[in-house]
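Per chain, numbering begins at 1; letters A, B, ... match sequence-line order. The figures here come from the full heavy-atom set of this structure, side chains too, leaving out hydrogens, waters and symmetry mates.
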Amino acid sequence: MSSPVPLPRAFYIRTPRRVARDLLGKVLVRQTPETYLTGRIVEVEAYLGVKDAAAHAAAGPTLRNAVLFGPPGHAYIYFIYGNHYCLNVSCEPEGRAGSVLFRALEPLCGIEEMAQSRHLEIGSPSDLPKLTSGPGRLAEAFGITRHRDNACDLTDPASSLWIGDDGHPRPKILVTPRIGITKAADDLLRYLIRGNRFVSGRTKV
DNA sequence: ATATCGATTATCT
DNA sequence: GATAATCGATATG
């Protein structure tokens, strides 16, 4: 396993479906002078922009969702249910609002610090998924907030949050309906690594 | 094992 | 004033 290399802007100038599929197996990095956290991306969802009833962009641009309409490769972070932050990356050329939601990571570096951020004690390996399995959980584990990280450039390793490729082999992928939405709930837009134990939600199929 | 429910607030109608 | 791309706790089989 080598150290991650940032994914270029061009990676994100594609449809959310393609970006979502290709993000599986890549690495999310939180890097500051004090901190180095990494996690493998094991579950994501594609949101298709204004034509997607389930997307935050569906009603057109607002102050909240402005990043979705901006240049690709940037972090769109929203606050939900009075409790949780969730991370997206903007896709497609500027002006189109497609994005990919990060739903689960496999913790790699900085597990102890993630546990602190999550206010959890890790007693056994079976506790690890509680760190980063779920969009709100992974955001908390990585200290992601709207105030701190919204509109951050995820292609720039000088950002404290970025996405890289560490040469991990291309995973086997499973596609299912998205989770937690009421509109357009049947579309197959959730992508996950088959058999990965850090994937969120139920393990049906 | 699955089901239901309360928490808590930014954002939009 | 209603809603929400969630989580964790509680209840029940």
> Rounded to the nearest Å, what distance is computed from the CZ atom of residue A:F79 to the P atom of nucleotide B:dA7?
Replying inline: 15 Å
> B:dA10 C1' sits how many Å from A:Y76 OH, rounded?
Replying inline: 11 Å
> Thinking salt bridges, do A:K26 and A:D166 make one under a 4.0 Å N-O criterion?
Replying inline: no
> What is the distance from NE2 of A:H84 to P of B:dT8, rounded to the nearest Å?
Replying inline: 11 Å
> Does A:R103 have a side-chain nitrogen or oxygen under 4.0 Å from the phosphate oxygens OP1 or OP2 of C:dT6?
Replying inline: yes
> Over how many whole Å does the gap from A:Y85 atom OH to B:dA7 atom P extend?
Replying inline: 20 Å
>> Between P on B:dA10 and CG on A:L63, what's the gap in Å once rounded to a whole number?
In response: 14 Å
>> Assuming nearest nucleotide by heavy-atom distance, tell me which of A:A54 and A:K130 is located more 5' along DNA chain C.
In response: A:A54
>> In whole Å, I'd like the distance from the CG atom of A:L87 to the C1' atom of C:dT6.
In response: 15 Å
>> With a 6.0 Å cut-off (strictly less than), is the heavy-atom count around CZ of A:R17, excluding the residue itself, greater than 12?
In response: no
> With a centroid cutoff of 5.5 Å and a plane-angle limit of 30°, would you call A:Y78 stacked on C:dA5?
Replying inline: no
>> Any N or O donor-acceptor pair under 3.5 Å from the base of B:dA7 to the side chain of A:Y81?
In response: no
>> Less than 4.0 angstrom from a charged side-chain N to a carboxylate O is my criterion; do A:E43 and A:R103 meet it?
In response: yes
> Between the side chains of A:E106 and A:T132, does any donor sit under 3.5 Å from an acceptor?
Replying inline: no
>> Any base atoms under 4.0 Å from A:L101, or only sugar-phosphate, or nothing? Heavy atoms, all strands.
In response: base
>> With a 3.5 Å limit on both atom pairs, tell me what B:dG6 is paired to, counting Watson-Crick and G-U wobble, or say none.
In response: C:dC7
>> Does this structure show an ion pair linking A:D52 with A:R178, if we count only N-O contacts that are shorter than 4.0 Å?
In response: yes
> Parallel under 30°, tilted from 30 to 60°, perpendicular over 60°: which one fits the rings of A:F79 and A:Y85?
Replying inline: tilted
>> If you assign A:R118 and A:V100 each to the DNA chain C nucleotide with the nearest heavy atom, which residue ends up on the more 5' nucleotide?
In response: A:V100
> Could A:R9 and A:Y12 be counted as a cation-pi pair, given that NZ or CZ must be under 6.0 Å from the ring centre and within 45° of the axis?
Replying inline: no
> Which residues in residues 137-154 of chain A have at least one heavy atom lying under 4.0 Å from any atom of DNA chain C?
Replying inline: A:R137
> What is the distance from CZ of A:R64 to P of B:dC12, rounded to the nearest Å?
Replying inline: 6 Å
> Quick one: A:L131 CG to C:dG8 C1', roughly how many Å, whole number?
Replying inline: 15 Å
